[in-house]
Student: 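This is the structure, below, for whatever I ask next.
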Amino acid sequence: VKRTKLLSTLFIVVALLTLCLSVSATGLEETYDLYFTVEASASTVSYGDNFQVILNIGTNPGFKNAKLDLLYDASLVTFTGVDYTDTLFDSKNGTAKEIDGGLRLNLGTSADIFGSNVYSASGKALVLNFTVNETVTTETKVDFALEINPKNVVDANQQTGALKVSVNAI
């Protein structure tokens, strides 16, 4: 049986959300912001094509550990792995695990929480590889969104839950 590939255009709308974390410390007037953003390597792809979603860190006052969820429709795309080439994190301190509705991204290790390591660089944190599924037969929009619980970020002072979280569309 010969199978015909049906190519369709898939708009990867990474009109994603910029995640904006405001860190406030008691007794201090200064507020620090930690920004995570995502972007797609291509604006359109077809069934069977590969593309990447890049997690970036913008302004960064420093953190020891962060867990973020990248949410998307897994019936449209399949996660195929992480590319660590030229990223701030490697396979030891930056991971992606499949969860219902997307991926759990871990930046930093459990040992970092109590150790002296603080991640304060900005730039490309992780590159996530995806393939467009066979179920995509017509022009389809795929949304990717970042979510974070403030209790899942350990700041440079080993505090959790002290962050005020706001999400802005880009």
Side-chain angles (χ1 to χ4, degrees), residues 1-21 33-60 63-110 112 119 121-154 163 165-170:
V1 176
K2 186 175 179 180
R3 188 172 185 158
T4 306
K5 272 191 178 180
L6 176 61
L7 295 179
S8 61
T9 305
L10 174 69
F11 286 100
I12 306 299
V13 176
V14 189
L16 287 163
L17 305 174
T18 299
L19 180 67
C20 188
L21 303 176
D33 293 318
L34 171 61
Y35 295 100
F36 293 95
T37 62
V38 285
E39 62 182 284
S41 62
S43 59
T44 62
V45 289
S46 300
Y47 155 64
D49 285 352
N50 298 313
F51 69 96
Q52 298 175 322
V53 172
I54 299 124
L55 174 69
N56 293 300
I57 300 174
T59 305
N60 183 3
F63 65 91
K64 290 181 165 282
N65 187 282
K67 290 180 175 63
L68 302 94
D69 291 338
L70 179 67
L71 305 176
Y72 58 90
D73 185 345
S75 71
L76 301 175
V77 296
T78 299
F79 172 66
T80 59
V82 181
D83 179 358
Y84 295 102
T85 307
D86 298 324
T87 60
L88 298 173
F89 293 85
D90 60 29
S91 62
K92 294 178 185 145
N93 63 10
T95 60
K97 178 182 176 185
E98 291 183 273
I99 59 171
D100 284 342
L103 296 173
R104 168 75 38 90
L105 308 175
N106 294 298
L107 303 178
T109 67
S110 299
D112 291 332
Y119 300 101
S122 296
K124 183 170 47 172
L126 293 175
V127 176
L128 308 161
N129 296 317
F130 291 88
T131 299
V132 180
N133 291 343
E134 183 177 306
T135 57
V136 177
T137 57
T138 60
E139 190 173 282
T140 306
K141 177 181 172 183
V142 179
D143 292 316
F144 288 86
L146 275 177
E147 286 188 359
I148 193 164
N149 180 331
K151 293 179 182 175
N152 289 336
V153 177
V154 179
L163 303 176
V165 180
S166 65
V167 180
N168 299 317
I170 56 172

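Sequential numbering from 1 along the given sequence is applied to the chain's residues.
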Student: Using the test side chain to side chain donor-acceptor pair (under 3.5 Å), find all partners of Ser41 that sit at least two apart in sequence or belong to another chain.
Tutor: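 Checked Ser41 against side chain to side chain donor-acceptor pair (under 3.5 Å); zero matches.
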Student: Any donor-acceptor pair under 3.5 Å linking the side chain of Asn93 with the backbone of Thr109?
Tutor: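 Side chain of Asn93 to backbone of Thr109: no pair is present.
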Student: Give, for atom CG of Leu128 and atom CD of Gln52, the distance between the pair rounded to the nearest 0.5 Å.
Tutor: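 Nearest 0.5 Å value for the CG-CD distance: 8.5 Å.
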Student: Check for a donor-acceptor pair, side chain of Asn133 on one end and backbone N or O of Ala74 on the other, with a separation under 3.5 Å.
Tutor: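 Between the backbone of Ala74 and the side chain of Asn133 there is a qualifying donor-acceptor contact (under 3.5 Å).
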Student: Is any side-chain heavy atom of Leu107 closer than 4.5 Å to one of Leu126?
Tutor: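 Heavy-atom side-chain distance check passes, below 4.5 Å.
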Student: Can you list the residues that meet the side chain to side chain donor-acceptor pair (under 3.5 Å) rule with Thr135, with sequence neighbours excluded?
Tutor: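 By the side chain to side chain donor-acceptor pair (under 3.5 Å) rule, Thr135 matches no residue at all.
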Student: Test side chain to side chain contact (heavy atoms under 4.5 Å, CB included) on Leu146 and Leu55 and set out the steps.
Tutor: CA-CA 9 Å; Leu146 275 177; Leu55 174 69; 3.9 Å; yes
Student: How long is the span from the CD1 atom in Ile99 to the CG atom in Leu71, to the nearest 0.5 Å?
Tutor: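 Spacing of CD1 (Ile99) from CG (Leu71) equals 6.0 Å.
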Student: Can you see which heavy atom on Ala96 is nearest to which on Leu103, and at what distance?
Tutor: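 Looks like CB-CD1, 4.4 Å.
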Student: Taking side chain to side chain contact (heavy atoms under 4.5 Å, CB included) as the test, write out the residues that go with Asn50, two or more places apart.
Tutor: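 So Asn50 forms a side chain to side chain contact (heavy atoms under 4.5 Å, CB included) with Thr131.
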Student: Going by atom types alone, do Thr80 and Asn129 pair a side-chain donor with an acceptor below 3.5 Å?
Tutor: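 No donor-acceptor contact under 3.5 Å links the two side chains.
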Student: Apply side chain to side chain contact (heavy atoms under 4.5 Å, CB included) to Asn56 and list each qualifying residue two or more places apart in sequence or on a separate chain.
Tutor: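 Checked Asn56 against side chain to side chain contact (heavy atoms under 4.5 Å, CB included); matches are Thr37, Glu39, Ile54, Lys124.
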Student: Applying ring pair (Phe, Tyr, Trp, His ring centres under 6.0 Å), name anything that partners Phe89, two or more places apart in sequence or on another chain.
Tutor: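 For Phe89, the residues satisfying ring pair (Phe, Tyr, Trp, His ring centres under 6.0 Å) (neighbours in sequence not counted) are Tyr119.
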Student: Could you list the residues that satisfy salt bridge (Lys or Arg N to Asp or Glu O under 4.0 Å) with Asp69, not counting sequence neighbours?
Tutor: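 Listed in chain order: Arg104.
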Student: The criterion is ring pair (Phe, Tyr, Trp, His ring centres under 6.0 Å); which residues satisfy it with Tyr72, sequence neighbours excluded?
Tutor: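 Result, ring pair (Phe, Tyr, Trp, His ring centres under 6.0 Å) vs Tyr72: Phe130, Phe144.
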Student: For a 4.5 angstrom cut-off between non-hydrogen side-chain atoms, does Thr87 reach Val127?
Tutor: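 In contact.
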Student: Kindly compute the distance separating CZ (Phe36) from CG (Leu68), expressed to the nearest 0.5 Å.
Tutor: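 Here the rounded value is 5.0 Å.
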Student: Using the side chain to side chain donor-acceptor pair (under 3.5 Å) criterion, which residues pair with Ser91? Sequence neighbours excluded.
Tutor: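 Once residues adjacent in sequence are excluded, Ser91 has no partner under the side chain to side chain donor-acceptor pair (under 3.5 Å) criterion.
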Student: So, for Asn60 and Ala121, which heavy atoms are closest and what is the spacing to 0.1 Å?
Tutor: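 Scanning both residues, the minimum pair turns out to be ND2-O, 2.8 Å.
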Student: Do Leu105 and Lys67 come close enough that some side-chain heavy atom pair is under 4.5 Å?
Tutor: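 No. Closest side-chain heavy atoms not under 4.5 Å.
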Student: Run the side chain to side chain contact (heavy atoms under 4.5 Å, CB included) test against Asp73 and tell me which residues pass, sequence neighbours left out.
Tutor: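 Ser75, Leu76.
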Student: Residues two or more places apart in sequence or in another chain: which of them pass side chain to side chain donor-acceptor pair (under 3.5 Å) with Asp90?
Tutor: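 Side chain to side chain donor-acceptor pair (under 3.5 Å) check on Asp90 returns nothing, list empty.
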Student: Which residues pass the side chain to side chain contact (heavy atoms under 4.5 Å, CB included) test with Thr95, not counting sequence neighbours?
Tutor: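 Counting only residues at least two positions away or on another chain, Thr95 forms a side chain to side chain contact (heavy atoms under 4.5 Å, CB included) with Asn106.
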Student: Does Val77 reach the side chain of Phe51, with side-chain heavy atoms less than 4.5 Å apart?
Tutor: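 In contact.
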